[in-house]
Amino acid sequence: MDQLNRAFKRNRCFDGNKPRFRGDNPIDADSPTTVTELQSDADLISRYYSAADDQALAQFVQKHRSWAIQRARHYVSQDEAEDVVQASIIRLMSAKPIGGRVNNPLGWWHTVISATAKDLIRESSRRTNREHAYTTDVSPSSTTQANGRESDLVDAVFDEIRQTDIRFRDPLLKRYFEDLSYEEIARELNLRPGTVASRLARGIERVRAALESKGVYVPTQPSETEHMNSDATMSTDVASMVGRWQDVWFVTMHDKVRGIGHLSVSEGKNDLVTLRNRLDMALENAPENDPRNSPNRLWFEYELSIEDIQTLRWSSFRTKEGATDSANALMAERGMHYDSDELIECVENGSKLVIHSGSDTKTMEVTGDGPLVPDVSAAFYICQLPRDASTAKPIRIIGFERSLEGRRWAVAPAEVRYAGCSGPPVGLSHTFEIDLKAAIGRNHYVWVDDDGTFIGMGDERESFITVENEAAALAMFARH
């Protein structure tokens, strides 16, 4: 195990909760990572959360303010970076970590900064006429035919829908104020009808709960969930999971790396789920509008065949990568080479991995407890975990050591625990921490919203944050 730990520490490709989102990490560390500094920061944050020590938080913020502004500057302008950092501090102040302890404060803060910057960009650059169109173009028949209390109720429902999360707002408005069918909504929003039904059901409950908290009674409507079973080959759990992950875009920006990625999920017979991921990372001289066109680009593709989504039992994991000639030349200076196509089979109930690489086949014995998690499926698994701070769940994460001769795979044991809330419901919400100190010397975080929907992941070096769609991702790069 000592040899494995040393291998992972030498290889920055293995980054805990996001190993294959990166593929590997060509970024040099530029933030404090020594054990003493991490403990000092953790003590400062703990004094604030557990004892309301404002001076401790002020000391932590002052200590790392320049670092925080540099992180924010990866996403926004210098002037806006100050605003982002200020807003992120407010989120830090309102956070609720379990037990008042944050083991990786810079990782905690970095992901808050990333999501705060994303919110600012979305607010300023994606403020379209969507809501104006809803208020001016939506047919008024729903309200003009009502009167008195019914009219007030419609207005209250409409106002509450407009304030809810965009994932639920659009389907609700299109269904109940534009009278579109599930199929029409699915086409307009580029979703599956089953996903539309799922979001409608969850959106209705959100709106109902919000109105009832204000003393507004909302009559019970026929359940939308009956429409979720449009595909008879899928169980409800699988249908929900597929709907949640079938079209996820994410971005990462850094002074040395900028990337855009896409996750998709599809279902097959007998509830077999296939998770696919594509990530393109520009190392230098990335075009302003799209890192995928960079002359210095690394790319990664992964495909995971999952037999049981609850336990993450899987059968095969296909991983491919490549690079432009200039990118490979740059990476060769760091002792790395990017050109592989490997297939990993999980056999004998997860006790053995068979690795096919070209004409070479190797077998790896696997020990330990918990699901065997390759790559991006760490987030896929963690997002469905209960928010229970009393237990830490074991997990085994597959990573590799990279060299000019190729990749050498290994498995690192870790623990996942629920760490609490990172801030207000809008933007960031619940945090899961992956303890990988023994393997790489630091912990990592996965962030989900109240519904378990993936928001992002990060540490003190870099964060991967989801965006609404491809256009939103490109808008972020264009703004940057």
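Any value given below was found using the heavy atoms of this structure, including those in side chains, with hydrogens, waters and symmetry copies removed. Residue indices begin at 1 and follow the sequence shown. Because the structure is predicted, anything quoted here is derived from the model rather than measured.
- Looking at heavy atoms from C-beta onward, L436 lies in side-chain contact with I397 at the 4.5 angstrom threshold.
- Taking the ring axis of F400 as reference, the NZ or CZ atom of R407 stays within 45° of it and closer than 6.0 Å to the ring centre.
- Remark: the backbone N or O of V76 is paired with a side-chain donor or acceptor of R73 at under 3.5 angstrom.
- No more than 12 heavy atoms of other residues, nucleotides or ligands sit less than 6.0 Å from atom CG of D369.
- Taking CD from E342 and CG from D360, the interatomic distance works out to 9.0 Å, rounded to the nearest 0.5 Å.
- Take E303 and apply the side-chain hydrogen bond (donor to acceptor under 3.5 Å, both in side chains) test, not counting sequence neighbours, and it matches R276.
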Going through the distances and angles, do F300 and M281 end up as a side-chain contact (heavy atoms from CB on, under 4.5 Å)? CA-CA 9 Å; F300 312 90; M281 300 178 71; 3.9 Å; yes

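- In this structure a side-chain-to-backbone donor-acceptor pair under 3.5 Å is present from R396 to G370.
- Using a 4.5 Å heavy-atom threshold, the side chains of E307 and L272 count as touching.
- Counting heavy atoms from C-beta outward, S463 and T252 have side chains that stay 4.5 Å or more apart.
- Salt bridge annotation for E345-R318: absent, with no cationic side-chain nitrogen under 4.0 angstrom from a carboxylate oxygen.
- Residues I98 and G420 come closest through the heavy atom pair CG1-N, 3.5 Å.
- Here the closest non-hydrogen pair linking W245 and C383 is CZ2-SG, 3.8 Å.
- Put simply, CG on D280 and CH2 on W299 are 9.0 Å apart, with the number rounded to the nearest 0.5 Å.
- In this structure, E433 and V416 have side chains that are not in contact, with every pair of non-hydrogen atoms separated by 4.5 Å or more.
- Listed by chain and number, the residues in a side-chain hydrogen bond (donor to acceptor under 3.5 Å, both in side chains) with D435 amount to none (sequence neighbours excluded).
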Could you walk me through whether T111 and I465 pass side-chain contact (heavy atoms from CB on, under 4.5 Å), step by step? CA-CA 8 Å; T111 307; I465 300 296; 4.0 Å; yes

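- Here L304 contributes atom CG and T274 contributes atom OG1; the two are 8.0 Å apart, rounded to the nearest 0.5 Å.
- Side chain of S114 to backbone of H110: a donor-acceptor contact under 3.5 angstrom is found.
- Under the 30°/60° scheme for interplanar angles, the aromatic rings of H430 and Y418 are found to be tilted.
- At a threshold of 4.5 Å between non-hydrogen side-chain atoms, the residues E321 and S340 count as touching.
- In this structure, the salt bridge (charged side-chain N to carboxylate O under 4.0 Å, His left out) partners of D165, at least two apart in sequence or on a different chain, are R167.
- By the side-chain hydrogen bond (donor to acceptor under 3.5 Å, both in side chains) test, T324 is found to be paired with S326, residues two or more places apart in sequence or in another chain being considered.
- What you find for V366 and G350 is that their closest heavy atoms are CB-O, 3.7 Å.
- Proximity of a side-chain donor or acceptor of D308 to a complementary backbone N or O of L312 within less than 3.5 Å is not detected.
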Run the numbers on D449 and F454 for side-chain contact (heavy atoms from CB on, under 4.5 Å), then give the verdict. CA-CA 7 Å; D449 68 9; F454 177 59; over 6 Å; no

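- Side-chain atoms of L353 and W409, non-hydrogen and from C-beta on, never get closer than 4.5 Å to each other.
- Remark: D388 engages no residue in a salt bridge (charged side-chain N to carboxylate O under 4.0 Å, His left out) (not counting sequence neighbours).
- Residues satisfying the side-chain hydrogen bond (donor to acceptor under 3.5 Å, both in side chains) criterion with W109, sequence neighbours excluded, are S88.
- Listed by chain and residue number, nothing satisfies the ring pair (Phe, Tyr, Trp, His ring centres under 6.0 Å) test with F168 (two or more places apart in sequence, or in another chain).
- The two atoms that bring A410 and M364 nearest to each other are N-CE, 3.9 Å, heavy atoms only.
- With S294 contributing its side chain and N296 its backbone, the two residues share a donor-acceptor pair below 3.5 Å.
- Judged by distance alone, with hydrogens and angles left aside, the side-chain atoms of T164 form no donor-acceptor pair with the main-chain N or O of I161 at under 3.5 Å.
- Scored by the salt bridge (charged side-chain N to carboxylate O under 4.0 Å, His left out) test, E188 finds K174 as partners (sequence neighbours excluded).
- The ring pair (Phe, Tyr, Trp, His ring centres under 6.0 Å) check on H356 picks up nothing, with sequence neighbours excluded.
- Residues forming a ring pair (Phe, Tyr, Trp, His ring centres under 6.0 Å) with W249 (at least two apart in sequence, or on another chain): H262.
- The structure places CZ of R417 at 12.0 Å from CD1 of I434, a figure rounded to the nearest 0.5 Å.
- In this structure, N277 CG and L275 CG are separated by 7.0 Å, a value rounded to the nearest 0.5 Å.
- Using a distance-only test at 3.5 Å, with no hydrogens or angles considered, a donor-acceptor pair links the side chain of W314 to the main chain of L372.
- Remark: the backbone N or O of I455 is paired with a side-chain donor or acceptor of T466 at under 3.5 angstrom.
- Every residue two or more places apart in sequence or in another chain that forms a side-chain contact (heavy atoms from CB on, under 4.5 Å) with N328 is listed here: A323, H337, Y338.
- Taking CG of L106 as the start and CZ of R71 as the end, the distance is 9.5 Å to the nearest 0.5 Å.
- With sequence neighbours left out, the salt bridge (charged side-chain N to carboxylate O under 4.0 Å, His left out) criterion links E160 to K214.
- Of all the heavy atoms in A72 and V84, the pair that sits closest is CB-CG1, 3.9 Å.
- For the pair S94 (side chain) and R91 (backbone), a donor-acceptor distance under 3.5 Å is present.
- Ring planes of W447 and Y445: tilted class, angle from 30 to 60°.
- Among all heavy-atom pairs drawn from I395 and E415, the shortest one is CG2-N, 4.2 Å.
- In this structure, the side chains of S316 and I344 stay at 4.5 Å or more apart for every pair of heavy atoms.
- In this structure, L330 and L283 have side chains that are in contact, with non-hydrogen atoms separated by less than 4.5 Å.
- Between the side chain of T116 and the main chain of V112, a donor-acceptor pair closer than 3.5 Å is present.
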Audit row: W108, L92, side-chain contact (heavy atoms from CB on, under 4.5 Å) steps and yes/no: CA-CA 9 Å; W108 182 277; L92 283 178; 3.3 Å; yes

